[in-house]
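Step one of this worksheet: look at the structure below.
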Amino acid sequence: MSETTFSARDFESVHTDEAVQVIARPSLSYWQDAWVRLKDNRRALFSLYLILALLAFTIAGPWVWTVDPQTQDLDQISRAPGPAAQATIVAPYVPWDGSTLAPPGTGLRLAEPATTQAVRLLWEPVEGARGYRVYRNLFPIGEERAFGLPLFDILDPLDTSFEDRLDLKPRNYFYSVVELNPDGEPTGAHQTIEVDVERVTTLEEAAAAGLVPEGAELREGDSVELAFHPLGTDYLGRDMLARLMSGARVSLFIGIFAPILYILFGVVYGATAGFFGRWVDQVLMRFSDFVVALPFLLFMILIRVASGVQPGESGIAPLVIALVLLGWPATARLVRGQILQIREEGYVSASRLLGAKTGYLVLRHMIPNTMGVILVTLTFAVPSAIFTEAFLSFIGMGVAPPEASWGSMCNEGIKTMLTYPHELIFPALFISITVLAFNMLGDGLRDALDARMRGTE
């Protein structure tokens with residue numbers, strides 16, 4: 001075997017003109033790298049900001065918009081969104097006997113300008129008619145002759161006046177007077193007039209509602225500004241913006257609190273089954289299969305009955321209990337699968353050799369390495385819970401009026417969706433935006449936390 005000899009020159013430093021390579025990207029932890037990847041996903045980042053805005057709308061909104069969601073503004077029932085409305089000061093109401101001189105002209109006409117105080121109609125007697133039936137409609141009368149709401153039957157053919165004071169609003173109405181035959185049935189002959197109703201109020205009503213500025217002297221013909229409702233009011237005159245804020249607290253509380261509870265339980269349950277394995281795993285997983293087979297709606301009804309919730313009462317507690325008791329198996333299965341994989345890793349075996357106890361292995365190594373799956377599951381569980389609450393409230397088994405939630409507001413709004421669509425559109429829009437935002441955030445988190453996707457970029 002030959003000897004190798006070294007000289008002093010062999011140990012001299014090597015000098016090179018090439019640039020020394022440096023690390024272009026600093027070392028990042030798993031969560032730092034996930035945050036960087038999440039920020040690169042514009043849809044997920046926008047969804048995150050949207051969710052934060054919804055939380056601010058829910059928590060800080062009532063401090064900014066201090067209107068009581070239960071207060072009724074009877075002067076602005078079912079008012080559409082828009083700027084602040086105005087009302088004209090008029091004299092107090094005086095009963096009308098129909099003897100007002102008819103304005104020039106023939107046919108159906110107004111005896112005086114129409115206001116929200118009263119609409120007074122006059123028409124000419126019709127020869128051969130035995131009476132008249134007065135209708136009111138929100139839409140023009142077409143060939144199908146759908147006259148609308150029958151207001152009154154006048155059985156005297158010489159009585160040709162009518163006063164309408166039924167829930168008048170500042171909008172256009174179509175009044176029709178239909179002739180009646182001797183049997184009291186409509187003959188088909190009719191007269192129709194379109195009436196534009198002006199919003200009015202008396203000085204006493206304006207003062208009682210706090211609409212008269214301090215020190216102001218108002219007279220008949222002057223205008224006062226009514227309370228401002230930027231998103232309009234519902235069918236009871238309650239502010240829609242305040243109701244949406246109140247409903248968001250209920251919907252988001254159920255949508256976030258219930259998933260957190262049943263996901264935490266599912267994590268513990270699945271970790272226990274996956275770590276111990278064998279007969280423990282079999283028993284726990286068969287029980288989870290049994291829970292999955294339980295029908296949610298039937299179970300929800302049984303919990304409501306057992307809790308003593310009466311028809312027409314809000315059942316928030318039974319709803320949360322039903323979600324927690326029946327929602328955890330999916331999380332338990334996911335966590336169990338992750339634990340079964342992680343417990344075979346080398347670092348877990350090394351911890352065992354060093355004397356780590358079961359609790360330390362689960363809490364220090366296994367559950368932290370399943371946090372990605374847990375967070376993604378949570379972001380998908382929240383919209384599911386929100387939609388479940390909205391559906392149950394919509395069918396009358398969740399939050400009941402007068403307490404507001406987005407689902408119960410949709411239930412109320414669907415009754416007037418053809419005439420006042422804003423009462424349905426706004427709560428349905430908030431439900432849709434919230435569910436979409438959480439789903440898009442869940443997709444972004446799944447991509448950011450999945451280590452297998454790093455090699456695809």
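All values derive from a computational prediction rather than experimental measurement.
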Test salt bridge (charged side-chain N to carboxylate O under 4.0 Å, His left out) applied to Glu124 and Arg109, step by step: CA-CA 9 Å; Glu124 304 298 328; Arg109 58 198 181 276; 2.8 Å; yes

Stepwise, does the side-chain contact (heavy atoms from CB on, under 4.5 Å) test hold for Leu326 with Val292? CA-CA 7 Å; Leu326 301 181; Val292 170; over 6 Å; no

Thr434/Val382 under side-chain contact (heavy atoms from CB on, under 4.5 Å): CA gap, chis, key distance, verdict: CA-CA 9 Å; Thr434 305; Val382 169; 5.8 Å; no

Between Glu423 and Tyr235, does a side-chain contact (heavy atoms from CB on, under 4.5 Å) hold up when you go through it step by step? CA-CA 8 Å; Glu423 298 181 26; Tyr235 69 105; 3.9 Å; yes

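In this structure, the side-chain contact (heavy atoms from CB on, under 4.5 Å) partners of Val67, at least two apart in sequence or on a different chain, are Trp65, Asp239, Ala242. Taking the salt bridge (Lys or Arg N to Asp or Glu O under 4.0 Å) definition, one finds that Arg79 meets it with nothing, sequence neighbours left out.
The closest donor-acceptor contact from the side chain of Asn41 to the backbone of Leu38 lies at 3.5 Å or more, if one exists at all. Side-chain atoms of Trp406 come within 3.5 Å of backbone N or O of Leu244 as a donor-acceptor pair. A donor-acceptor pair under 3.5 Å is absent between the side-chain atoms of Gln117 and the main chain of Val200, judged by distance alone. Looking at Thr160, its side chain never comes within 3.5 Å of a backbone N or O of Leu122 through a donor-acceptor pair. Between the Asn137 side chain and the Phe139 main chain, a donor and an acceptor come within less than 3.5 Å of each other. Between the side chain of Ser432 and the backbone N or O of Ala428, at least one donor-acceptor pair lies under 3.5 Å. Between the side chain of Asp222 and the main chain of Leu218, no donor-acceptor pair closer than 3.5 Å is present. Checked by atom type and distance alone, the side chain of Tyr262 never pairs as donor or acceptor with a backbone atom of Thr331 at under 3.5 Å. Here the side chain of Thr202 pairs no donor or acceptor atom with the backbone of Ala91 at under 3.5 angstrom. Within the 3.5 Å criterion, the main-chain N or O of Ser78 finds a donor-acceptor partner in the side chain of Thr233.
Taking both residues in full, the closest heavy atoms of Ala258 and Val324 are given as O-CG2, 4.0 Å, listed atom of the first, atom of the second, then distance. Residue Val177 comes nearest to Leu108 through the heavy atom pair CG2-CD1, 3.7 Å, listed as atom of the first residue, atom of the second, then distance. Residues Cys410 and Ile431 share a closest heavy-atom pair of SG-CD1, 4.1 Å. The shortest non-hydrogen separation linking Ala84 to Phe228 is N-CD1, 3.6 Å. Of all the heavy atoms in Gly442 and Val376, the pair that sits closest is O-CG1, 4.0 Å. A pairwise comparison of heavy atoms in Leu203 and Ile89 identifies N-CG2, 4.1 Å as the closest pair.
Between the side chains of Thr192 and Ser176, at least one donor N or O sits under 3.5 Å from an acceptor N or O. No hydrogens or angles considered: nothing links the side chains of Ser223 and Gln86 as a donor-acceptor pair under 3.5 Å. Between the side chains of Glu198 and Thr88, at least one donor N or O lies within less than 3.5 Å of an accepting N or O.
Taking the ring axis of Tyr269 as reference, the NZ or CZ atom of Arg333 does not stay both within 45° of it and closer than 6.0 Å to the ring centre.
At least one side-chain heavy atom of Leu151 sits under 4.5 Å from a side-chain heavy atom of Leu166. With contacts defined as side-chain heavy-atom distances shorter than 4.5 Å, the pair Phe296/Leu323 qualifies.
Ion pairing of Glu412 with Arg243 is present here, as a side-chain N (NZ or NE/NH1/NH2) and a carboxylate O approach within less than 4.0 Å. Using a cutoff of 4.0 Å between basic side-chain nitrogens and carboxylate oxygens, Arg286 and Asp289 are scored as salt-bridged.
The CD atom of Glu389 sits 9.5 Å away from the CG atom of Leu252 when rounded to the nearest 0.5 Å. Separating the CG atom in Leu121 from the CH2 atom in Trp123 is a distance of 6.5 Å, to the nearest 0.5 Å. Within the model, atoms CD1 of Ile51 and CD1 of Ile433 stand 12.0 Å from one another, a figure rounded to the nearest 0.5 Å. Remark: Thr115 OG1 to Asp196 CG distance equals 11.5 Å, nearest 0.5 Å. The CD1 atom of Ile425 sits 11.5 Å away from atom CG of Leu231, with the distance rounded to the nearest 0.5 Å.
Sequence neighbours left out, the pairs with a member in residues 161-206 that pass ring pair (Phe, Tyr, Trp, His ring centres under 6.0 Å) are Phe147-His190.
Each of Val335, Leu284, Ile339, Asp281 was evaluated against Thr272; a single residue qualifies, Leu284, per the side-chain contact (heavy atoms from CB on, under 4.5 Å) test.
Aromatic ring orientation, Phe426 versus His422: perpendicular (interplanar angle above 60°, classes split at 30° and 60°).
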